[in-house]
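Letters go in sequence order (proteins before strands), and every chain restarts at 1. For the numbers below, each heavy atom of this structure counts, side chains included, while hydrogens, waters and symmetry mates do not.
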2 protein chains.
Amino acid sequence: MNAPPRMTRQRTAVADALADLADFRSAQQLHEVLRSRGDSVGLATVYRTLQALAEAREVDVLRNEDGESLYRRCARREHHHHLVCRGCGRTVEIDGPTVESWASTVGAAHGFEDIDHTVELWGTCADCRS
Amino acid sequence: MNAPPRMTRQRTAVADALADLADFRSAQQLHEVLRSRGDSVGLATVYRTLQALAEAREVDVLRNEDGESLYRRCARREHHHHLVCRGCGRTVEIDGPTVESWASTVGAAHGFEDIDHTVELWGTCADCRS
DNA sequence: GGCTTCATGAGAGTCATTCTCACTTTTGGT
DNA sequence: ACCAAAAGTGAGAATGACTCTCATGAAGCC
């Protein structure tokens, strides 16, 4: 059993920033946002905090096409998918077809276990097109 | 109009290796395979060749959970999805539910264009479990 | 055979992410 | 409040995948 995380200025700042931001952002972007707000937090700490939040399922993580990790505090905690803008990270939470059961069925049929799946949509939003 | 790629020893070696390998492999792994075969090819060339093949849709690319690119010469050229083993890269080509039309519909409904989607399944195969 | 042009590769460079470690803060008694 | 133990922090170094540079080599074409 691991102890609950400690409440530090940095952790709060990261959580607050995530609460304000609506879209998926990289750790570096978050770091910059915090800096410009005046809540300066070390880059390593931003990474650590985001990972911790992700493990606690407080934030969702996904990889953009460059393999960079993007983080977002989602409205719903239940499982869902995303439609994300390649340009600005603008995000819409969406309900996918029920891939969950399909995924584990297909997996089991081929002798695979611990099936996990990724279903994400990428596109260019109206703003990033003009 | 760009000229067709030249047929070099290196390009052939990479293509051959991909033809023999059944599973998703990283550029580094391919490089190692080539080296152990005796068909030594520079790492930069392996990367370049794989990218070229991917652009030509000769191979499929996907990102593992670490964000690393994995390549595979797939049996079918039509669109399909994969069930990949996290441990060894063992791959099964699968038919997913028809997400294609769903993807563009959902995208359009939110004002997004050039919709692209990722649907991949990850699991642990029988061999990697024992 | 010559020649033009693309391909190669060794090594340097980039960049996101992680690690190190000395220093600071929280937290949980007291 | 006080204090020690343990966790958190951050500047900078390290890692690792990938890309770039540029001098040299090899394809394709006459």
Side-chain angles (χ1 to χ4, degrees), chain A residues 1-18 21 23-56 58-72 84 86 89, chain B residues 1-18 24-56 58-72 84 86 89:
Chain A
M1 209 75 268
N2 29 5
R6 291 183 180 178
M7 186 63 86
T8 64
R9 174 183 70 77
Q10 292 85 341
R11 197 173 288 266
T12 308
V14 172
D16 285 356
L18 282 169
L21 266 29
D23 307 323
F24 273 96
R25 290 281 177 262
S26 70
Q28 312 260 0
Q29 288 176 319
L30 258 305
H31 179 244
E32 191 44 49
V33 167
L34 290 166
R35 164 162 314 231
S36 65
R37 281 185 173 204
D39 294 323
S40 191
V41 176
L43 183 56
T45 301
V46 173
Y47 274 103
R48 274 187 296 238
T49 306
L50 288 173
Q51 279 182 194
L53 288 172
E55 253 167 63
E58 300 269 322
V59 298
D60 280 6
V61 196
L62 56 82
R63 301 263 184 175
N64 69 10
E65 285 154 343
D66 295 333
E68 198 176 2
S69 293
L70 304 181
Y71 303 84
R72 177 179 191 258
V84 188
R86 272 182 276 264
Chain B
M1 209 77 264
N2 28 4
R6 290 185 181 174
M7 188 62 85
T8 63
R9 175 183 68 78
Q10 292 83 343
R11 196 173 289 267
T12 307
V14 171
D16 286 354
L18 281 169
F24 274 97
R25 292 279 178 264
S26 69
Q28 314 261 358
Q29 287 176 318
L30 259 305
H31 179 245
E32 190 46 47
V33 167
L34 290 166
R35 163 163 314 237
S36 66
R37 280 187 173 203
D39 294 323
S40 192
V41 176
L43 184 55
T45 301
V46 173
Y47 275 104
R48 275 187 296 238
T49 306
L50 288 173
Q51 279 181 195
L53 289 172
E55 253 166 63
E58 300 270 322
V59 299
D60 279 7
V61 196
L62 57 81
R63 300 263 184 176
N64 69 9
E65 286 153 342
D66 295 332
E68 198 177 359
S69 293
L70 304 181
Y71 303 84
R72 175 179 193 260
V84 188
R86 271 183 278 265

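If you take CZ of R9(B) and C1' of dA26(D), they are 11 Å apart, rounded to a whole angstrom. What separates CD of Q51(A) from C1' of dC19(C) is a distance of 12 Å, to the nearest Å. Atom CG of L50(B) and atom C1' of dT8(C) are 15 Å apart (whole Å). dT20(C) atom P lies 17 Å from atom CG of L43(A), rounded to whole Å. The distance from atom CZ of R48(A) to atom C1' of dG10(D) is 7 Å, rounded to the nearest whole Å. Nucleotide dT19(D) holds its P atom 10 Å from the CG atom of D66(A), rounded to whole Å. Atom CD in Q10(A) sits roughly 9 Å away from atom C1' in dT25(C) (whole-Å rounding). The CE-P distance, from M7(A) to dT24(C), rounds to 23 Å in whole Å.
Between R11(A) and R6(A), every side-chain heavy-atom pair lies at or beyond the 4.5 Å cut-off. Side-chain contact between R72(B) and V84(B) is absent, with no heavy-atom pair separated by less than 4.5 Å.
Not one side-chain nitrogen or oxygen of Y47(A) sits closer than 4.0 Å to the OP1 or OP2 atom of dT18(C). Regarding contacts with the backbone of dT25(C), every side-chain N or O of T8(A) stays at 4.0 angstrom or more from both OP1 and OP2.
Comparing dG12(D), dC20(D), dT9(D) by their nearest atom to the side chain of A44(B) picks out dC20(D).
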Check against side chain to side chain contact (heavy atoms under 4.5 Å, CB included), L62(B) and F24(B): CA-CA 8 Å; L62(B) 57 81; F24(B) 274 97; 3.6 Å; yes

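In terms of heavy atoms, G89(B) sits closest to R25(B) at CA-NH1, 4.3 Å. Taking both residues in full, the closest heavy atoms of A13(A) and L34(A) are given as O-CD2, 3.5 Å, listed atom of the first, atom of the second, then distance.
Within 4.0 Å (heavy atoms only), Q29(A) reaches no atom of the nucleic acid at all. Backbone-only contact: S69(A) has heavy atoms under 4.0 Å from sugar-phosphate atoms and none from a base.
Ranked by how close their nearest DNA chain D nucleotide is to the 5' end, R11(A) and Q28(B) are led by R11(A). Remark on DNA chain C: of its neighbouring residues R6(A) and V41(B), the 5'-side contact belongs to V41(B), judged by nearest-heavy-atom nucleotide.
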